[in-house]
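For the numbers below, each heavy atom of this structure counts, side chains included, while hydrogens, waters and symmetry mates do not.
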Amino acid sequence: MADLPLDSPRVVALKSRLFPWWDDNARDLPWRFGRATPWGILVSEVMSQQTQMSRVAPYWITWMNAWPDARALAKASTAEVITAWGHLGYPRRALRLQECARVVAEQYDNRLPQRYEELIALPGVGDYTASAVLSFAFGTRIAVIDTNIRRVLSRAALGVESLGGAATVADRKLANDLLPRDSKESNVWNQATMELGATVCTAKNPQCEICPLYEKCNFVAAGKPGLAEGRTRPRQHFKGTNRQVRGLILHALRSKTDMEPVRYQELVKLWPKSAQLDECLMSLDADGLIELLPDKAIRFPK
DNA sequence: CTCCAGATCC
DNA sequence: GGATCCGGAG
């Protein structure tokens, strides 16, 4: 792959168009523009893993109001945490976030560490989240690699469709090659590129006609070869899967106003296939999302 | 139907 | 690398 020097005309042109677009079009999400602590930024990133930002915002406000810092979240009950997670999906993220809060509270005196190696060692924090926190919360110059940035950079700079699947070495090299040298600019670059991918340069139907990069986009110049052919991930069903059943089970628990257990008989009415139901009860119990009682009644863990 | 600001396990 | 884990907006 050809190198793309930072000072190449193409990169300068992309930057000069992307930054003004960001100034005019950045969504006013509650954790942006210096209004959140580093911990708040981390919470927003964890909530946003596989969940759209627009859905995250109201949950984040309620969550941060209840538990403003890691110490507060560390002291919450599991039942409160799972309930507050609501319908964000993938509730194991909520448990990991609380585990993360405990580590931060106990080992880091309630302050997020600022080294990549320490961040990525935290529960529920992978490469993306660690990089995002470093860039967005601490202003560190680091390339953020997510599905949006991979798609935008691959299209605009290389003129080819992003393949999807796990991030490749080439993806990382490209993101690092294009990342502005100045830390403040790199922060804006990361956020603006992600925002563009989320709102304009989308996977299936990009709105090229309103894209600030249109005139300089190599993907447009090449005639958008293979648009949306690269699957972002293997197709995932939902209906009939254990994920649906697990969701139904947790919804039954959440809907209880008190901490009263849910009887197995009620669960069977929600999902008559008892073998799958039992499997899901076992896995939820193993995950620590429910407590399985001897008669197959369930309740939230303490 | 599609896709999502991923992490984790195998 | 592949599979699993949720749920809603478009």
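- Comparing B:dG6, C:dG8, C:dC5 by their closest approach to the side chain of A:R92 singles out C:dC5.
- Atom P of nucleotide B:dC3 and atom OH of A:Y90 are separated by 13 Å, given to the nearest angstrom.
- Looking at which nucleotide of DNA chain C each of A:A166 and A:G247 is closest to, the 5′-most match is held by A:A166.
- Contacts of A:S54 with the nucleic acid, taken as non-hydrogen atoms under 4.0 Å apart, are absent.
- Hydrophobic clustering places A:V133 together with A:M47 (ILVMFWY residues linked when any side-chain heavy atoms are closer than 4.5 Å, directly or through intermediates).
- A residue-by-residue look at A:K204 and A:N148 shows that A:K204 has its nearest nucleotide of DNA chain B further toward the 5' end.
- You'll find that the side chain of A:D146 is closest to B:dG6, out of C:dC6, B:dC3, B:dG6.
- Atom C1' of nucleotide C:dC6 and atom CZ of A:R55 are separated by 8 Å, given to the nearest angstrom.
- Under the rule for a ring-ring contact (aromatic ring centres under 6.0 Å, His included), the partners of A:W31 that lie at least two apart in sequence or sit in another chain are A:W60.
- Of the candidate nucleotides B:dT2, C:dC5, C:dC6, C:dC6 has the atom lying nearest to any side-chain atom of A:P91.
- Nucleic acid contact for A:D127: sugar-phosphate only, since backbone atoms but no base atoms lie under 4.0 Å from a heavy atom of the residue.
- For A:Q49, counting side-chain heavy atoms from C-beta on, the closest listed nucleotide (B:dC4, B:dA7, C:dC6) is B:dA7.
- Comparing C:dG8 with B:dA7, their P atoms sit 22 Å apart, to the nearest whole Å.
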Apply salt bridge (charged side-chain N to carboxylate O under 4.0 Å, His left out) to A:K269 and A:E266, showing your working. CA-CA 5 Å; A:K269 279 188 282 187; A:E266 299 176 52; over 6 Å; no
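- With respect to A:D287 and A:R96, no salt bridge is recorded, no charged nitrogen being found less than 4.0 Å from a carboxylate O.
- In summary, the side chains of A:D171 and A:T168 do present a donor paired with an acceptor at a separation below 3.5 Å, with no hydrogens or angles considered.
- Side-chain contact of A:E195 with A:W22: a donor-acceptor pair under 3.5 Å is absent, judged by distance alone.
- Of the charged side-chain nitrogens involved, none lies within less than 4.0 Å of a carboxylate oxygen, so that A:R150 and A:E161 do not count as a salt-bridged pair.
- Following rounding to the nearest Å, A:R243 (CZ) and C:dG8 (P) show an atom-to-atom distance of 13 Å.
- A salt bridge links A:D127 to A:R172: one of the charged nitrogens lies within less than 4.0 Å of a carboxylate oxygen.
- Taking atom CZ on A:R93 and atom P on C:dC5, their separation rounds to 15 Å, with Å as the unit.
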Identify all pairs in which a protein N or O lies below 3.5 Å from an N or O of nucleotides 8-10 of chain B, and state each distance.
{"residue": "B:dT8", "atom": "OP1", "partner": "A:G124", "partner atom": "N", "Å": "2.7"}

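- Proximity note for A:T147 (side chain, C-beta onward) versus C:dC6, C:dG7, B:dG6: the nearest is B:dG6.
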If you apply the rule side-chain contact (heavy atoms from CB on, under 4.5 Å), what do you find for A:W67 with A:E80, and how did you get there? CA-CA 11 Å; A:W67 305 298; A:E80 289 176 306; 4.0 Å; yes
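- The nearest whole Å value for the distance from the CG atom in A:D287 to the P atom in B:dA7 is 18 Å.
- Here A:R151 reaches the OP1 or OP2 of B:dC4: one of its side-chain N or O atoms lies under 4.0 Å away.
- Shown for residues 182-197 of chain A: no residue has heavy atoms falling under 4.0 angstrom of DNA chain C.
- Protein atom CZ of A:F238 is 18 Å distant from nucleotide atom P of B:dC4, rounded to whole Å.
- Here the nucleotide nearest the side chain of A:T129, chosen from B:dA7, C:dA9, C:dC5, is B:dA7.
- The distance between atom NE2 of A:H87 and atom C1' of C:dC5, rounded to the nearest whole Å, is 17 Å.
- Checked by atom type and distance alone, the side chain of A:S154 never pairs as donor or acceptor with a backbone atom of A:R151 at under 3.5 Å.
- Using a 4.5 Å cut-off between side-chain heavy atoms of Ile, Leu, Val, Met, Phe, Trp and Tyr, with links allowed through other members, A:W85 and A:M259 fall into different hydrophobic clusters.
- Spacing between atom CD of A:Q276 and atom C1' of C:dT4 amounts to 14 Å, rounded to whole angstrom units.
- When the side-chain nitrogen and oxygen atoms of A:Q50 are compared with OP1 and OP2 of B:dG6, one or more of them lie within a distance under 4.0 Å.
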